[in-house]
Undergrad: 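Below: one structure in structure tokens.
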There are 2 protein chains.
Amino acid sequence: MRARSEVLETAILGILADSPLHGYELRKRLNMVLGSFRALSYGSLYPALRSLEQRTLIAGTETKDAPPQHALSGRRSRIVYELTAHGKEHLQGLLSSSGPAAWEDESFDVRFALFGKTDAETRLRILEGRRTRLAERLEMVRESANRTRERLDEYTLELQRHGLEQVEHEVAWLDELIDTERGRARAPRSEARRAPGSTTQNEAEGDPRPGTTIKERG
Amino acid sequence: MRARSEVLETAILGILADSPLHGYELRKRLNMVLGSFRALSYGSLYPALRSLEQRTLIAGTETKDAPPQHALSGRRSRIVYELTAHGKEHLQGLLSSSGPAAWEDESFDVRFALFGKTDAETRLRILEGRRTRLAERLEMVRESANRTRERLDEYTLELQRHGLEQVEHEVAWLDELIDTERGRARAPRSEARRAPGSTTQNEAEGDPRPGTTIKERG
DNA sequence: ACGTCGATGTATCGCACCGATACATCGACG
DNA sequence: CGTCGATGTATCGGTGCGATACATCGACGT
């Protein structure tokens with residue numbers, strides 16, 4: 001099952017929503033956006049592009065020669081991809097989901113990078129979801145640390161401590177962001193016009209489990 | 001080539017050096033040591049164990065029934081692995097390497113967790129190597145950020161900033177550790193009660209082991 | 001004029017590893 | 001006595017990485 005790596009496709013669709021691009025340039029943007037580490041390999045990108053094209057979410061056009069305005073930039077033989085209407089619709093669906101799949105480690109960064117295309121309510125839910133997730137993790141690790149502290153090596157302990165600090169730091173970061181978003185929700189600004197065509201009343205595809213409401217545990 | 005995932009094998013060998021274990025328990029220790037996230041899957045562990053056994057670095061013994069002393073702990077049918085002499089030697093080689101392969105993202109955590117089995121000089125080299133690596137990364141990202149700052153989304157910028165902070169935090173951590181290790185090098189203390197069986201005092205002192213010269217390919 | 005070097009560009013292949021799953025036994029709890 | 005969670009070994013499909021191949025182009029030196 002595993003949803004054919006939703007996150008990769010979300011990222012590609014999200015970048016292409018801004019402007020049509022060819023693979024090479026797309027990869028550069030992707031890596032820039034994702035913080036320069038966490039690189040995306042061509043071995044993933046090109047197959048993904050082909051799959052996306054087969055499902056008519058994007059359309060590729062081979063460009064032989066671009067008539068140069070400045071006499072430069074005359075590269076040839078590239079395949080420029082752009083979103084189809086279907087693709088835009090699909091992207092809207094992906095961006096409106098706010099379940100666990102949006103805030104887990106593998107996907108959160110990409111979803112966050114696309115926050116500019118996401119409505120404020122969804123942003124807040126994702127932020128809170130991730131915060132809760134990290135808090136749970138913190139709890140688990142701390143508990144397990146208390147149980148096993150004695151038997152552990154000095155360096156292992158230090159590694160654990162540092163890992164904890166990193167997560168705590170991310171939680172603090174999230175708290176700031178949540179604060180900001182809450183403020184924004186109070187003073188709603190017309191921050192961006194969406195594509196008007198896709199009315200798609202989103203049927204919260206996240207996950208049906210009723211226990212998933214945010215809950216806001218300390 | 002990619003050296004059959006040296007890091008996984010280092011981790012397994014390192015844990016087994018403390019005490020013989022079976023797969024299930026081994027995995028628990030591994031995950032505990034590695035900070036509870038970054039989990040190791042059985043899909044990696046069991047094949048790795050088999051490979052290690054084939055190369056006579058570890059030896060597995062099937063235990064049918066343990067005569068219980070306390071009337072409990074009578075589980076059956078488990079395969080307990082322990083290091084062979086060859087395996088111990090190999091582990092020493094792995095632990096004495098201090099090149100890039102030791103301080104890259106994929107391996108640093110494991111190597112650090114095994115610092116208790118590593119001599120002070122190697123520890124310091126690895127720590128400094130990683131610090132330099134992260135500083136380079138910081139430099140690159142900052143530079144690229146300066147070039148592209150204008151064209152980037154508010155949230156993308158925030159993501160970048162947070163990523164930078166995380167790395168900066170790790171650098172600060174490393175600086176503390178380097179300080180500590182330097183102090184330790186100056187005042188050499190008989191640190192840590194290790195497991196008594198594992199030869200802390202190296203047999204055959206003048207043993208440069210020509211085949212395994214560290215060197216590590218920059 | 002020639003070489004070659006790095007950036008741009010598309011594409012594939014091996015394989016390491018994860019996530020899911022299957023199967024089995026055991027202790028504990030109601 | 002039934003089932004549930006922990007213990008335990010093992011495999012399998014799929015995703016994505018790293019390496020590589022191939023090709024063109026501008027720029028630079030000599």
Side-chain angles (χ1 to χ4, degrees), chain A residues 1-12 20-31 34 37-53 60-66 68 70-81 100-101 104-107 110 144, chain B residues 1-12 20-31 34 37-53 60-66 68 70-81 100-101 104-107 110 217:
Chain A
M1 334 269 138
R2 203 68 246 123
R4 232 180 17 275
S5 197
E6 202 130 296
V7 52
L8 211 188
E9 298 191 349
T10 305
I12 293 176
L21 292 174
H22 54 100
Y24 189 79
E25 181 67 20
L26 182 56
R27 181 184 187 254
K28 282 201 302 186
R29 304 265 181 123
L30 233 20
N31 289 348
L34 291 187
F37 5 123
R38 193 188 316 278
L40 170 72
S41 127
Y42 291 123
S44 318
L45 177 60
Y46 284 111
L49 283 174
R50 222 170 310 137
S51 162
L52 250 11
E53 191 174 25
T61 312
E62 186 157 7
T63 310
K64 271 299 176 203
D65 189 38
H70 301 65
L72 38 78
S73 79
R75 298 226 154 279
R76 1 136 287 141
S77 181
R78 35 160 73 161
I79 305 177
V80 175
Y81 292 96
E104 287 301 319
D105 290 340
E106 326 80 64
S107 40
V110 166
S144 134
Chain B
M1 304 280 157
R2 202 67 246 123
R4 231 180 20 272
S5 197
E6 202 130 295
V7 51
L8 211 189
E9 297 191 348
T10 305
I12 294 177
L21 291 174
H22 53 100
Y24 188 80
E25 181 67 20
L26 181 56
R27 179 184 187 255
K28 282 200 303 184
R29 303 266 179 123
L30 234 20
N31 290 347
L34 292 187
F37 4 124
R38 195 188 313 280
L40 170 73
S41 125
Y42 291 124
S44 317
L45 177 60
Y46 284 111
L49 284 174
R50 226 168 309 139
S51 162
L52 250 11
E53 190 174 25
T61 313
E62 186 158 8
T63 311
K64 270 299 175 202
D65 189 39
H70 302 65
L72 41 76
S73 78
R75 298 226 156 277
R76 359 133 290 139
S77 181
R78 35 159 73 162
I79 306 178
V80 175
Y81 293 94
E104 288 301 319
D105 290 340
E106 326 81 62
S107 40
V110 167
R217 278 278 346 97

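By convention in this document, chain letters (A, B, ...) are assigned in the order of the sequence lines, proteins followed by strands, and residues within each chain are numbered from 1.
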Undergrad: Return the CD1 to CG distance between A/Ile79 and A/Leu21, rounded to the nearest 0.5 Å.
TA: 13.5 Å
Undergrad: Is any side-chain N or O of B/Tyr46 closer than 4.0 Å to OP1 or OP2 of D/dT9?
TA: yes
Undergrad: Between D/dT11, D/dT7, C/dC18, which one does the side chain of B/Arg78 approach most closely?
TA: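 In terms of side-chain proximity for B/Arg78, the closest of D/dT11, D/dT7, C/dC18 is D/dT7.
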Undergrad: Atom CG of B/Leu40 and atom C1' of D/dT9: how far apart are they, to the nearest Å?
TA: 15 Å
Undergrad: Under 3.5 Å, side chain of B/Ser107 to main-chain N/O of B/Val7, donor-acceptor pair present?
TA: no
Undergrad: Atom CD of B/Glu9 and atom P of C/dA16: how far apart are they, to the nearest Å?
TA: 10 Å
Undergrad: Which dot-bracket string fits DNA chain C when only Watson-Crick or G-U wobble pairs with both atom distances under 3.5 Å count, crossing pairs get [ ], and | stands for a partner on a different strand?
TA: ||||||||||||||||||||||||||||||
Undergrad: Report which part of the nucleic acid A/Gly23 touches: base, sugar-phosphate, or nothing (heavy-atom distance under 4.0 Å, all strands).
TA: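 Since only primed, P, OP1 and OP2 atoms lie under 4.0 Å of A/Gly23, the category is sugar-phosphate.
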Undergrad: Of all heavy-atom pairs between B/Gly43 and B/Pro47, which one has the smallest distance, and what is that distance?
TA: O-CG, 3.3 Å
Undergrad: Tell me whether the OP1 or OP2 atom of C/dG19 has a side-chain N or O from B/Ser41 closer than 4.0 Å.
TA: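 No, B/Ser41 has no side-chain N/O under 4.0 Å of OP1/OP2 on C/dG19.
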Undergrad: Return the 5'-most residue of the pair B/Pro47, B/His22 with respect to DNA chain D, ranking by each residue's nearest nucleotide.
TA: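 It is B/His22 whose nearest nucleotide is closer to the 5' end.
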Undergrad: With a cut-off of less than 4.0 Å, is there a side-chain N or O of A/Ser44 near OP1 or OP2 of D/dT15?
TA: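 Checking D/dT15 against A/Ser44, no side-chain N or O comes under 4.0 Å of OP1 or OP2.
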Undergrad: Which nucleotide in the list C/dT8, D/dT11, C/dT12 gets nearest to the side chain of A/Arg50?
TA: C/dT12
Undergrad: In whole angstrom, what separates A/Leu8's CG from D/dT15's P?
TA: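 In whole Å, D/dT15 P and A/Leu8 CG are 11 Å from each other.
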Undergrad: Measure CD/B/Glu6 against P/C/dC15 and give the value in whole Å, please.
TA: 17 Å
Undergrad: Figure out the OH/C1' separation between B/Tyr81 and D/dG8, and round it to whole Å.
TA: 12 Å
Undergrad: Mind running salt bridge (Lys or Arg N to Asp or Glu O under 4.0 Å) on A/Glu53 and A/Arg50 for me, showing each step along the way?
TA: CA-CA 5 Å; A/Glu53 191 174 25; A/Arg50 222 170 310 137; over 6 Å; no
Undergrad: Would you indicate, yes or no, if D/dT7 has its OP1 or OP2 atom less than 4.0 angstrom from a side-chain nitrogen or oxygen of B/Lys28?
TA: yes
Undergrad: Would you compute the distance between atom OH of B/Tyr81 and atom CG of B/Leu49 and round it to the nearest 0.5 angstrom?
TA: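 Here the rounded value is 5.0 Å.
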Undergrad: Side-chain contact, heavy-atom cut-off 4.5 Å: A/Glu6 with A/Glu9?
TA: no
Undergrad: From CD of A/Glu62 over to C1' of C/dT10, roughly how many Å is that when rounded to an integer?
TA: 10 Å
Undergrad: Could you tell me whether A/Arg27 sits above the aromatic face of A/Tyr42, with NZ or CZ closer than 6.0 angstrom to the six-membered ring centre and within 45 degrees of the axis?
TA: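 Yes, a cation-pi geometry holds between A/Arg27 and A/Tyr42.
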Undergrad: To the nearest Å, how far apart are A/Leu45 CG and C/dT12 P?
TA: 12 Å
Undergrad: Examine D/dA10: is either OP1 or OP2 under 4.0 Å from a nitrogen or oxygen in the side chain of B/Tyr42? Give yes or no.
TA: no
Undergrad: Rounded to whole angstroms, how far apart are CG on B/Leu49 and P on D/dT11?
TA: 12 Å
Undergrad: If you find the nucleotide of DNA chain D closest to B/Gly43 and the one closest to B/Glu25, which residue's nucleotide is nearer the 5' end?
TA: B/Glu25
Undergrad: Identify the heavy atoms of A/Ala48 and A/Leu8 that sit nearest to each other, and give their distance.
TA: CB-CD1, 4.2 Å
